[in-house]
Amino acid sequence: MIANTKRPANLDAACAFIPALRAELATMPRGQSSAGDVAAIHRRLMDVILSAGGHARNDWNGAAIRLHGFRATSTAGVAAACQNWIAQVTLKAAAAAMEGQSQ
């Protein structure tokens, strides 16, 4: 039997990290970029995720990030996976807030 090593999600920590990730995404150039620029952007985003204790992967099969118990993927690269992660955490936080109001 394989032990479940998945960490429980930490919604508060994830919500607190969103501004830092958005700030990093905001530094990305808009429009066309060279392959070298895109690779540097992906490395910088991956470094930000890793420094926060997360995991990041970007290979031929797409990008995936896991941070504070939430995982997001994208075939469009690390930046898109980060945007998907932010959307997921935002939706979970809204759902938790609505659940708290109904009690």
Of all the heavy-atom pairs spanning [X] and [Y], show the shortest one and how long it is.
{"X": "Ala96", "Y": "Leu11", "value": "CB-CD2, 3.9 Å"}
{"X": "Ala72", "Y": "Ala81", "value": "CB-O, 3.5 Å"}
{"X": "Leu50", "Y": "His55", "value": "CD2-CA, 4.0 Å"}
{"X": "Ile49", "Y": "Ala56", "value": "CG2-CB, 4.3 Å"}

For the backbone of [Y] and the side chain of [X], can you confirm whether one donor and one acceptor N or O come within less than 3.5 Å of each other?
{"X": "Trp85", "Y": "Arg71", "value": "no"}
{"X": "Asn84", "Y": "Thr73", "value": "yes"}
{"X": "Arg57", "Y": "Gly62", "value": "yes"}

Give the intermediate values and the outcome of side-chain contact (heavy atoms from CB on, under 4.5 Å) for residues Ile86 and Leu25.
CA-CA 11 Å; Ile86 290 170; Leu25 287 168; 3.8 Å; yes
Check the pair Thr27, Arg44 against side chain to side chain donor-acceptor pair (under 3.5 Å), reporting the backbone distance first and the verdict last.
CA-CA 11 Å; Thr27 66; Arg44 195 170 71 230; 2.8 Å; yes
Test item: Leu45 and Glu24 side chains (from C-beta on) under 4.5 Å apart, heavy atoms:
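Touching, per the 4.5 Å side-chain cut-off.
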Side-chain contact test, heavy atoms from C-beta onward, threshold under 4.5 Å: evaluate it for Asp12 versus Phe17 and give yes or no.
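Answer no - side chains too far apart.
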How long is the gap from CD on Gln83 to CG on Leu21, to the nearest 0.5 Å?
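With rounding to 0.5 Å, CD (Gln83) is 9.0 Å from CG (Leu21).
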How many angstroms lie between atom SG of Cys15 and atom NE2 of His68, to the nearest 0.5 angstrom?
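Going from the SG atom of Cys15 to the NE2 atom of His68 covers 10.0 Å.
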Among side-chain atoms of His42 and Asn58, is any donor-acceptor pair under 3.5 angstrom?
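There is such a pair (donor and acceptor under 3.5 Å, judged by atom type) between the side chains of His42 and Asn58.
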